[in-house]
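Take a look at the structure below.
Sequence positions, counted from 1, serve as the residue numbers for this chain.
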Amino acid sequence: MRIEHVAIWVSNLESMKEFYETYFKGKANQKYHNKEKGVESYFLRFESGTRLEIMRRIGINEKNSDEMLGWAHIAFSLGSKEAVDELTTKLKMDGYKLVNGPRTTGDGYYESVIEDSEGNLIELTV
């Protein structure tokens with residue numbers, strides 16, 4: 001068994017597509033648009049084969065509070081401490097908020113946590 005994909009509601013579909021293509025080498029499919037339900041989405045496929053679905057729908061406009069039950073973050077394994085440091089620096093220089101790190105956590109992970117352009121948490125790890 002494996003996770004086929006995860007999905008996230010977004011406010012700005014094109015901006016989020018560009019973010020994941022630019023920084024995480026995601027490759028997007030053609031935009032899906034269901035006019036009847038007011039839903040648009042892209043599937044982004046990453047080098048590992050993992051897929052992320054970004055979706056926008058009329059009527060979903062506000063983010064829940066910062067801390068809530070449910071998914072907390074998405075983690076990308078970059079392969080090395082150097083890669084974590086490099087991408088963390090690039091994202092920070094490009095104006096994305098660094099939440100913490102890079103650091104070694106109490107359970108031995110080397111990671112940093114950043115916010116994407118809509119404030120969703122992304123963990124960068126080895």
Side-chain angles (χ1 to χ4, degrees):
M1 183 182 316
R2 69 181 179 88
I3 294 175
E4 204 291 321
H5 73 274
V6 294
I8 186 169
W9 290 112
V10 302
S11 177
N12 187 322
L13 192 64
E14 299 303 325
S15 172
M16 291 292 278
K17 175 179 154 288
E18 183 178 330
F19 175 83
Y20 285 100
E21 287 177 329
T22 300
Y23 297 103
F24 297 95
K25 301 175 186 168
K27 304 282 188 222
N29 68 338
Q30 288 226 305
K31 185 192 297 185
Y32 167 76
H33 187 193
N34 182 323
K35 292 180 183 179
E36 183 178 308
K37 293 185 178 183
V39 174
E40 298 175 313
S41 70
Y42 287 107
F43 273 98
L44 291 134
R45 180 176 298 277
F46 301 95
E47 291 174 346
S48 67
T50 303
R51 296 189 323 153
L52 173 66
E53 184 179 12
I54 54 173
M55 308 177 303
R56 188 179 79 76
R57 185 177 80 200
I58 296 168
I60 297 180
N61 302 325
E62 294 184 27
K63 184 176 175 149
N64 291 326
S65 66
D66 290 338
E67 297 279 340
M68 62 181 200
L69 294 175
W71 299 109
H73 64 266
I74 186 169
F76 285 87
S77 176
L78 303 181
S80 70
K81 287 183 176 182
E82 295 76 21
V84 170
D85 292 343
E86 287 174 19
L87 186 53
T88 300
T89 299
K90 179 165 182 43
L91 286 159
K92 190 175 172 185
M93 288 178 59
D94 288 352
Y96 295 96
K97 181 180 177 185
L98 176 64
V99 177
N100 65 50
R103 66 189 180 101
T104 301
T105 64
D107 55 358
Y109 279 93
Y110 186 76
E111 69 177 32
S112 65
V113 178
I114 60 105
E115 290 183 356
D116 67 17
S117 56
E118 294 193 5
N120 302 296
L121 298 181
I122 300 175
E123 185 178 286
L124 308 175
T125 189
V126 176

*asked:* I'd like to know whether CD of Gln30 has more than 12 heavy-atom contacts from other residues, nucleotides or ligands below 6.0 angstrom.
replied: no
*Identify the two heavy atoms, one from Ser15 and one from Ser117, that lie closest to each other, and give their separation to 0.1 Å.*
OG-OG, 3.7 Å
*Are Ile8 and Val113 connected in a single hydrophobic cluster, I mean Ile/Leu/Val/Met/Phe/Trp/Tyr linked by side-chain heavy atoms less than 4.5 Å apart?*
no
*asked:* Quick check for you: to the nearest 0.5 Å, what is the distance between Glu86 atom CD and Leu124 atom CG?
replied: 12.0 Å
*Approximate separation, where rounding is to 0.5 Å, of Arg45 CZ and Lys27 NZ*: 12.5 Å
*Can any side-chain N or O of Ser77 pair as donor or acceptor with the backbone N or O of Val126 at less than 3.5 Å?*
yes
*In Å and rounded to the nearest 0.5 Å, what is the CG to CE distance from Asn34 to Met55?*
12.5 Å
*In the single-linkage hydrophobic clustering (I, L, V, M, F, W, Y; side-chain heavy atoms under 4.5 Å), do Phe24 and Leu44 co-cluster?*
yes
*Calculate, to the nearest 0.5 Å, the distance between atoms OG and CZ belonging to Ser41 and Arg57 respectively.*
12.5 Å
*How long is the span from the OH atom in Tyr110 to the CG atom in Leu78, to the nearest 0.5 Å?*
11.0 Å
*Using the side chain to side chain contact (heavy atoms under 4.5 Å, CB included) rule, pick out the option among Glu18, Glu118, Arg56, Lys17 that qualifies with Asn12.*
Glu118
*Which atom names give the shortest non-hydrogen contact between Leu87 and Tyr23, and what distance separates them?*
CD2-O, 3.8 Å
*asked:* Can you confirm whether the side chains of Tyr20 and Asp116 place a donor and an acceptor under 3.5 Å from each other?
replied: yes
*Distance-minimising heavy-atom pair for Glu111 and Asn100*: OE2-OD1, 4.4 Å
_So that I know where these two stand, are Phe19 and Tyr96 an aromatic pair - ring centroids less than 6.0 Å apart?_
yes
*For the atom pair NZ (Lys97) and CD1 (Ile114), what is the distance rounded to the nearest 0.5 Å?*
11.5 Å
*Do Ile74 and Met16 belong together in a cluster built from hydrophobic side chains that touch within less than 4.5 Å?*
yes
*Mind checking whether Val6 and Leu13 sit in one hydrophobic cluster, side chains of I, L, V, M, F, W, Y counted as touching below 4.5 Å?*
yes
